[in-house]
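Values in this document were obtained by computation on a predicted structure and should not be read as measured data. Note that ligands are numbered from 1 as they come in the structure, with each ligand's atoms numbered from 1 the same way.
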Amino acid sequence: MANLVRFFALTASVAVSSATTIAEINGPKFLSPFKEQTVSNVPGIITAKGPDGLWIRSTRPDRDERTSESLYVFGHTFGANLTVGDSIVVGGKVLEYRSNKDYIYLTELSAPVLESIVSSGNNVKALIIGKDTRDPPKEQYSSLDGGDVFAVPNNVSQISTANPALQPQKYGLDFWESLSGELVTVKNPTALTKPSQYGDTWVVGNWKVSGRNDRDGLTMTDKDANPEAIIIGTPLDGSKNPTNTRMGDSVEEITGIVSYAFGFYRILPTTAIKVTKSQKPAVPKTTNIKSKGKCDGITFGAYNVENLAATSAHHPALANHIVNFLNSPDVMFIQEVQDDNGVANDAVVSANLTLTALTAAIAAAGGPNYTFTDIVPVDDQDGGAPGGNIRVAYLYKPSLIRLYKPNPGGPLDANEVLKGPTLKYNPGRIDPANEAWTASRKPLVAQWEVIGKKGAEKSDTFFTVNVHFGSKGGSSSLHGDARPPVNGGVEDRLEQARLTANFVKNILSEDRNARVITAGDFNEFTFVEPLSQYAKISGLKDLDAVVRIDKLERYTYLFDMNAQQLDHMFVSETLAKRSKAEYEHVHVNTWTEYAAQVSDHDPSVARLDVCA
Ligand SMILES: *[C@@H]1O[C@H](CO)[C@@H](O)[C@H](O)[C@H]1NC(C)=O
Ligand SMILES: *[C@@H]1O[C@H](CO)[C@@H](O)[C@H](O)[C@H]1NC(C)=O
Ligand SMILES: *[C@@H]1O[C@H](CO)[C@@H](O)[C@H](O)[C@H]1NC(C)=O
Ligand SMILES: *[C@@H]1O[C@H](CO)[C@@H](O)[C@H](O)[C@H]1NC(C)=O
């Protein structure tokens with residue numbers, strides 16, 4: 001009665017449109033045509049209740065698949081005396097809500113007024129995704145992406161201003177928007193990546209997917225960034241999702257409400273999800289790639305060791321990976337090595353203690369006695385965790401490999417390719433003063449020779465470039481307002497790629513048969529502009545493509561819904577042409593639960609014939 005009184009008080013003061021359906025409120029686009037308007041006489045059956053409101057499903061659906069038939073009714077106390085199955089008539093103000101300007105708006109009915117309870121105990125059935133609905137689209141996110149969610153330039157338009165008509169059969173965001181507020185069931189869910197610290201877990205159900213890798217995660221490929229995946233968010237009943245879920249875990253059937261929060265469409269499950277089965281074996285097998293101990297079979301490992309300081313607890317675990325999973329490669333390209341006192345923000349920049357601790361841990365794990373080389377950066381100039389002074393470094397087996405005529409450069413010395421080719425500084429950094437490297441790691445170039453071959457001439461040398469390009473920090477989400485989404489730092493990486501590629505090009509123009517290996521954390525995918533330019537300018541070949549690793553098994557990192565590849569090796573034509581090249585990504589970290597991962601990246605290992 002009190003509510004009815006409020007209702008009549010409202011009608012007296014505000015122009016109220018009458019008898020509005022939920023489909024009309026949602027409309028066929030992202031934004032409601034009733035935005036900021038007061039509506040009344042909206043009929044619906046309560047399908048679920050949450051801590052701050054409830055969801056209703058229309059009793060007067062239309063036949064337009066674009067218009068969601070469900071709606072979020074926002075109000076802390078509104079549902080106190082109502083239960084799931086109640087058929088009600090409500091009014092209120094239609095709002096488009098987002099907690100951050102980079103998100104997509106969620107349509108909701110706010111300041112709700114209960115106009116009447118029509119009946120109770122109505123049967124509420126969830127829509128089964130892929131059965132009662134169409135399958136989610138598998139490749140594209142939004143009509144505003146121009147066919148490529150990673151196209152440059154980014155953020156050419158925004159969903160909130162363009163407000164495109166939904167095409168749920170073609171675009172993932174449109175599909176999930178067309179189900180906004182709906183109670184749905186996901187049959188036979190599979191977890192795709194590790195959950196967030198809150199237990200938010202990406203899944204796909206038993207619908208058709210693209211990109212499924214051997215571990216049952218989804219790998220991102222060119223123009224297919226897996227919009228068919230959805231996050232399972234915070235359970236409506238206050239229970240907590242597990243935080244130890246792994247890629248490929250089978251999960252019990254999930255029922256919940258389609259919503260949007262924290263930058264993503266999501267399903268809010270009625271209760272916490274439950275893992276029923278995990279993939280076996282829990283850890284990958286040791287790589288089959290083994291050094292031959294001579295120039296026709298030198299092994300190269302690459303590993304982003306995630307903020308490794310001298311006293312880091314993960315030295316032994318990293319050593320275990322390098323020795324027992326990578327077979328102790330002859331040369332290791334290491335990224336993210338911090339200075340000797342880690343993130344203590346003082347004048348210390350040397351990483352001798354950090355690298356000594358790592359090589360000691362490797363020896364203690366039964367591995368070789370590696371020697372290391374790096375160039376100490378200028379304090380606080382290379383980005384990463386403040387005070388950490390991260391840099392790239394090489395480990396190598398001094399009994400087999402040595403620097404060719406060593407002549408280390410300083411942090412500000414720009415390396416040059418001299419006749420031969422040889423290097424002005426060995427090792428040396430690429431154009432360290434160039435502004436493209438502001439707050440970023442400078443690549444470390446070195447020229448090496450294999451020991452043991454008669455009269456190691458310069459024709460027996462090979463070149464390496466160890467990179468750690470700028471991060472993707474500042475990216476907007478694949479489910480965000482900006483289209484194509486902002487790929488944080490992409491302009492910096494493009495310039496970094498050009499500088500590095502041109503340096504390699506200089507080596508190859510001295511000797512087109514030079515043996516050049518560039519590896520590390522490029523923080524980018526091969527099909528995105530910085531790396532397509534990198535390959536084009538340098539003439540180097542993507543080793544994944546050279547050895548024909550299945551596109552779906554090319555991943556070293558998990559982010560949001562995707563298994564993806566940030567870490568690459570590119571080799572010169574002369575190395576690519578030799579039939580014996582081998583390469584593998586060893587999924588020691590992507591396969592484990594979050595608490596057990598040693599680094600956020602998987603290491604990789606290759607074997608190459610570097611004989612002249
Ligand atoms: C719910 O019902 C109780 C008891 O009948 C009543 O005191 C209360 O005001 C009602 N609350 C709402 C929000 O209508
Ligand atoms: C995208 O561009 C719009 C319009 O210029 C701007 O308001 C918005 O902040 C940008 N988004 C991101 C994530 O940079
Ligand atoms: C680190 O090791 C190098 C090579 O042995 C040496 O030249 C340098 O002085 C060391 N730096 C510090 C700070 O100990
Ligand atoms: C590494 O060096 C130590 C000390 O010099 C030596 O005892 C050990 O045998 C060496 N290990 C290998 C694998 O060469």
Counting non-hydrogen protein atoms only, what is the nearest one to [atom]? Give residue, atom name and distance.
atom	value
atom 3 (C) of ligand 2	Gln158 NE2, 3.4 Å
atom 12 (C) of ligand 3	Asn352 ND2, 3.4 Å
atom 13 (C) of ligand 4	Gly367 O, 3.8 Å
atom 9 (O) of ligand 2	Lys101 NZ, 2.9 Å
atom 5 (O) of ligand 4	Asn369 ND2, 4.7 Å
atom 10 (C) of ligand 2	Asn155 ND2, 2.5 Å

- Check: Trp448 ring centre within less than 6.0 Å of Phe463 ring centre: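 No, the ring of Trp448 stays outside the 6.0 Å limit from the ring of Phe463, centre to centre.
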
- Message: Regarding Arg493 and Glu524, does a basic nitrogen lie under 4.0 Å from an acidic carboxylate oxygen?
- Response: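 A salt bridge links Arg493 with Glu524.
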
- Pair Asp382 + Lys442, salt bridge at N-O below 4.0 Å: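 Counted as a salt bridge, because a side-chain N and a carboxylate O are separated by less than 4.0 Å.
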
- Item | Qualifying residue for side chain to side chain contact (heavy atoms under 4.5 Å, CB included) with Ile362, from Asn369, Asn320, Val323 |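 Testing Ile362 for a side chain to side chain contact (heavy atoms under 4.5 Å, CB included) against Asn369, Asn320, Val323 leaves exactly one candidate, Val323.
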
- Query: Are Arg98 and Tyr105 in a cation-pi setup, meaning NZ or CZ lies under 6.0 angstrom from the ring centre and within 45 degrees of the ring axis?
  - Reply: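 Cation-pi check for Arg98 and Tyr105: passes.
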
- Backbone or side chain, does any N or O of Ser476 fall under 3.5 Å from an N or O of ligand 2?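 Not met; the criterion fails.
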
- Query: With a 4.0 Å cut-off, strictly under, does atom 7 (O) of ligand 3 pick up any protein heavy atom?
  - Reply: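 Given the 4.0 Å limit, the answer for atom 7 (O) of ligand 3 is no, no protein heavy atom qualifies.
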
- Item | Close-contact set for ligand 2 against Asp102 heavy atoms, below 4.0 Å |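 Contacts of ligand 2 toward Asp102, numbered from 1: 11 (N), 12 (C), 13 (C).
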
- Message: Using a 4.0 Å cutoff against the non-hydrogen atoms of Val486, which atoms of ligand 2 qualify?
- Response: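 Counting from 1, the qualifying ligand atoms are 12 (C), 13 (C), 14 (O).
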
- Task: Would you check if there is a donor-acceptor pair between the side chains of Glu449 and Thr461 at a distance under 3.5 Å?
- Result: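 Checked: Thr461/Glu449 side chains show no N/O donor-acceptor pair below 3.5 Å.
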
- Message: Counting C-beta onward and ignoring hydrogens, is there a side-chain heavy-atom pair between Trp437 and Gln496 closer than 4.5 Å?
- Response: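 With C-beta onward as the side chain, the pair touches.
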
